[in-house]
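Right, one structure below, let's go through it.
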Amino acid sequence: MSLRTSSASLLCFWPRRRYRPHISGRRALISAFIAVVGAFLLFYLFAVPQLKKFRFRSELSWYDLGLYGFGPSQSYISFDEESPIVEISPAGAQCDPRYTFLAPRGDSVAHPGPMILDASGELVWTKYSWGTVQDFRVQTYKGQDYLTFWQGDEEDGHGRGSWYMLDSTYTTKHIISAAGAMNGDLHDFHITVNDTALVTIYHSIPADLTTVGGPELGWLYEGVFQEIDIATGELLFEWRSTQFFPPDSSYEPLNDRGYERTLGYDYFHMNSVDKDDQGRYLVSGRHTHSVTCIDGSTGEVLWTLGGKDNEFFDPSDGAATEFEWQHDARWHGPSQITLFNNAANGDYDLQKVSYGALIELDIPTRQATLLTSYDHPQELMATSQGNLQVLDTGNVLVGWGHSAAYTEFSPEGEVLCDVHFGASVYFSFGRIVSYRVYKGTWVGTPDALPDAAVAGDSVFVSWNGATEVVSWRLETWDGVGLENMAFTTVDQVGRTGFETEIPLPPEITHFFRVCAIDAEGNILGKTEILSRNDSSPRGEMLTGHWGVVVIAVFASVCLVCGLYCAVNRHLRSIRTEANGPYRLVSYKDEGETEAEHDHLPI
Ligand SMILES: *[C@@H]1O[C@H](CO)[C@@H](O)[C@H](O)[C@H]1NC(C)=O
Ligand SMILES: *[C@@H]1O[C@H](CO)[C@@H](O)[C@H](O)[C@H]1NC(C)=O
């Protein structure tokens, strides 16, 4: 009792105002009016823009409402990094059983980097990356699968870095750089059937920007793509947007850009490049709202769909030609393309809804028709990023970029499986994003040893990136000698997700190890030799959440103390009118002794 009141008294050291029972009615009214106006202005300036970003819908789950956080994540005992906890809907969803490739990043992601999840959202592989990793996926080069991604520094919506290729042991086998004195951009790294790489580059060049209200001697980011021979690094083809598209073909406002080389006007914003088997390139310019087909030998523009240079008539009433801020334009056979129509660009117009699109082109007659749109059940608004992958099953995977979700559709556009890796109410805040999301097969056999940690009476094992482990075998040292230590099997348990807990039976008294076993019973790898006394307390798993709990408790204590002080002072003031206006002393409760007061921590 005394501690509580004493600390509350301590908090009440601020100056007291004399209690004024009668303020004149007019002054009270004016004060109230000013207060209301102030509150309204503050609300309008600060709260409204934030509130507009929330997208509440009636059918949201607790997960989507953020009960578990902006981006719920899971930590492990044997492994240092975290992985998202996903929510898959509808119940009993028929997701493609293969792996998902994504690269989560954002303020709510503790360990950004490339990541493989299985169909149920369990972690398979991740690598914490100091630089930014984008466009992570599995691609085939010379008949072998590689994990590919861009890594480098991101600035101003584009990147300066290189493209990486990792083999099945997660070893870097190729690093591809842009040809010439240019930096590789993050938006696309696409390996063709001819084992060449199609890559994007943002190149700042001097340009006359008067047509868009800029300086005559200004700076422009031209969109460049290159086709590079991966084996030799030889440049096979290069195309530059400025040879065909002038600055005023853009929808991007100039704002304060174009005055400095490193802050060029990003008028084109090339974000994908593809090539079909007739050798025609397909390029997406986000800021020109257009997709352009380019002759593979001359570099001439064959046609442009969308934007100010659109050549196509659209019987589907603009649905095939009026896409905006789009991403990931891909060939889908000789006369069809797919793309991700963002529709929105950093604005919060609730009418804007993003979707994946399959578009049929009649090139000779210049007619474009929307065949199918792939719509998210919650009408997501992806203000940036995003992609669309047609799977070999015919199903379509859409990654919602700025919105932490990926959705699998039937070819007709019916939702089969919707996965969220963040709470959808807060998607507009972009706290968890993945530029693209892909599905594919992958066999990973890491060079590193399996990870293990003893906690309590269990050992926890995991093996980052090992796809072939089906069970874990616990082996104990036979106790005979430390020279050539021999081990005998104690137990074998099935692998359960990324990390498996194996209880340690009493016969394990000292050294033991755990072996990773594949479907044929082969040993794929062994942990280091472990000891039962390595045990660490199991509380570690909770560290992430303790911070929140401490802050919440602290905030509650402050609130209670504040209220206590306010009420207490108020009552006191009523009772003791005789006090002077300012008294920097604490109040003592009746009955509180001097001795108690002395013990207060100061
Ligand atoms: C692959 O090479 C062949 C032969 O040179 C060519 O006809 C074809 O267009 C190329 N395909 C791609 C996608 O580059
Ligand atoms: C583990 O440590 C305890 C003391 O901390 C010791 O008594 C015990 O013998 C050790 N066990 C083994 C197997 O080394």
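Computed from heavy atoms alone, side chains included, the values below leave out hydrogens, waters and symmetry copies. Atoms within a ligand are numbered from 1 in the order they appear, just like the ligands themselves. Since the structure is predicted, the reported quantities are computational estimates derived from the model, not experimental observations.
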Ring-ring centroid check Tyr221 His158, cutoff 6.0 Å: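 Yes, the ring centres sit under 6.0 Å apart.
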
Atom-level proximity to ligand 1, residues with heavy atom under 4.0 Å: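 Contacting ligand 1 under 4.0 Å are Val193, Asn194, Lys275, Asp276, Asp277, Gly279.
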
Residues Asp229 and Lys142 bridged, charged N to O under 4.0 Å: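 Looking at Lys142 together with Asp229, the answer is no, because their closest N to O distance does not fall below 4.0 Å.
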
Side-chain ion pair, Arg436 and Asp135, N-O less than 4.0 Å: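 Yes, Arg436 and Asp135 are salt-bridged.
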
Verdict with reasoning, Ile230 to Asp195, per side-chain contact (heavy atoms from CB on, under 4.5 Å): CA-CA 7 Å; Ile230 292 176; Asp195 296 326; 5.7 Å; no

Residue list, salt bridge (Lys or Arg N to Asp or Glu O under 4.0 Å) with Asp145, at least two apart or on another chain: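 Asp145 satisfies salt bridge (Lys or Arg N to Asp or Glu O under 4.0 Å) with no other residue.
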
More than 12 heavy atoms of other groups within 6.0 Å of Arg431 CZ: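 Result for CZ/Arg431: enclosed.
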
